[in-house]
Number of protein chains: 2
Amino acid sequence: MPKIVNHDDRREKIARATWQVILDKGMEGATVRNIAKEAGLSLGALRYYFKSQDELLVYAMELVKNRATKRITAVSKKELPPKEMAIEILMEIVPTNAQTRAEMEVWLAFVTYMKPRKHAKLHINDDILQGMEKIMQYLSATGNLRAELDVSIETERLYAFIDGLALHALLHPEHLSPEQIRKTITYHIDQICIF
Amino acid sequence: MPKIVNHDDRREKIARATWQVILDKGMEGATVRNIAKEAGLSLGALRYYFKSQDELLVYAMELVKNRATKRITAVSKKELPPKEMAIEILMEIVPTNAQTRAEMEVWLAFVTYMKPRKHAKLHINDDILQGMEKIMQYLSATGNLRAELDVSIETERLYAFIDGLALHALLHPEHLSPEQIRKTITYHIDQICIF
DNA sequence: ACCTTTTTGGTACAACTGTATTATTAAATC
DNA sequence: GATTTAATAATACAGTTGTACCAAAAAGGT
């Protein structure tokens, strides 16, 4: 059993370099050579940590997913009133800063890249949908949700609303400031809650 | 002034072949050779109609935009009650059939492809935003909109909601049937309108 | 018939792609 | 210190890319 010093750290560093290259040059620019150059490694070194390009891309995307999941669960751990809690979690999904914007940009590039390639299925959105269900359930259980609403459709509506907002924040960041995003999300929550 | 028989028709045919290739193999597969093969032309012939690949891609995307615009304006010409009119127009934006799904898939692939390439700006979303503004304005002018609502934020909300729904319909067509899409859209319109 | 212009197919080329292979260095284990 | 393994670098290769070029064909006008 050989002692491996920092194998996983290196893979993560390479994944980070991959994100940067995708941000700079798009999915087409995510070549093994560009990634190796960004990571400061040789082709051979890169190939040692990832046997193929596909393995590298999949790993990099799973890391994106894990990061987002971690951020969201961290927020959900905080002690907040139901409505504020919902708003904070939703704000964590919509890209508002360079960090989260980069994450979603990479994710979107990867999704459209993988779309015509059947074999690899993506389950990222399922997690977000589950999050929406949890939020609606939470608001309902704490008595904040207006009683006459259809929870099932409202979940779908919130899901679409948030992802659309995220898409717009990504494609037109100059037209949708973080303050406007928060205002719009708060508005929606207020509309489906009592008061 | 030489008589050109069907120059524009050929360019449109090539653009259509480009869409098909993007649908089949993604943006990475949209090579001049693949497109020429799909269109049944030689490399030289293709190059005669489009001096560069960029010119071809831009032309193909403008055609997508024109098609969508035409479909929507055609619906808006119909004589319908305000709420039904709004629903029909919104249904035209969300991809519900193979045709419109293909259009949006190509558009999304193109947008993410062009994102890191600064020079070319896309104005497609501006048109959709203007459409949302028109719908809200129309609902408001005909007295269907609930009075206490903030029209500005409601427009942004509708905009995000529809684009999110469109994104979901594209990425998870099995989870969002046309009937469900119509039901969700109708629900949203009902929520912001009187009755 | 001739000539001009449009349209096409074929080929060539330099650059880039993912992957494979090799030799060499650094590190760990005995 | 010896030896085994991890890690790196360099190079090679076959395939694909966008673009350029050119000769042949088709079409149109005179």
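From a predicted model like this one, the values you see are computed outputs, not experimental measurements. Chain identifiers are assigned alphabetically (A, B, ...) following the order of the sequence lines, protein sequences preceding nucleic acid strands; residue numbering begins at 1 within each chain.
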_Partner set under ring pair (Phe, Tyr, Trp, His ring centres under 6.0 Å) for Y138(A), not counting sequence neighbours_ = none
*If you measure from the Lys or Arg side-chain nitrogens to the Asp or Glu carboxylate oxygens, is any gap between E154(B) and R157(B) under 4.0 Å?*
yes
_Whole-Å distance separating the CG atom of D54(B) from the P atom of dT17(D)_ = 16 Å
*In whole angstrom, what separates R10(B)'s CZ from dA26(D)'s C1'?*
12 Å
*asked:* Could you tell me how far apart R11(A) (CZ) and dA7(D) (P) are, to the nearest whole angstrom?
replied: 12 Å
*Applying ring-ring contact (aromatic ring centres under 6.0 Å, His included), which residue pairs with at least one partner in residues 60-102 of chain B are found, sequence neighbours left out?*
none
*Going 5' to 3' along nucleotides 10-18 of chain C, which nucleotides have protein heavy atoms under 4.0 Å from the base (write B), which only from the sugar-phosphate (write S), and which from neither (write -)?*
BBB----BB
*Which pairs with one or both residues in residues 59-90 of chain B pass ring-ring contact (aromatic ring centres under 6.0 Å, His included), sequence neighbours excluded?*
F50(B)-Y59(B)
*For atom NZ of K13(A) and atom P of dA7(D), their distance in whole Å*: 14 Å
_From OH of Y49(B) over to P of dT19(D), roughly how many Å is that when rounded to an integer?_
19 Å
*Atom-to-atom span, CD1 of I35(B) to C1' of dG18(D) - whole angstrom*: 11 Å
*According to the salt bridge (charged side-chain N to carboxylate O under 4.0 Å, His left out) rule, which pairs have a member within residues 80-104 of chain A, sequence neighbours left out?*
R67(A)-E103(A), R71(A)-E92(A), R71(A)-E103(A), K83(A)-D190(A), E88(A)-R182(A)
*Find the distance F50(B):CZ to dA20(D):P and express it as a whole number of Å.*
16 Å
_Please tell me if Y48(A) has a side-chain N or O lying less than 4.0 Å from either OP1 or OP2 of dT8(D)._
no
*Partners of F161(B) by ring pair (Phe, Tyr, Trp, His ring centres under 6.0 Å), sequence neighbours excluded?*
H188(B)
*Atom-pair distance (CG on L56(B); C1' on dT17(D)), nearest Å*: 15 Å
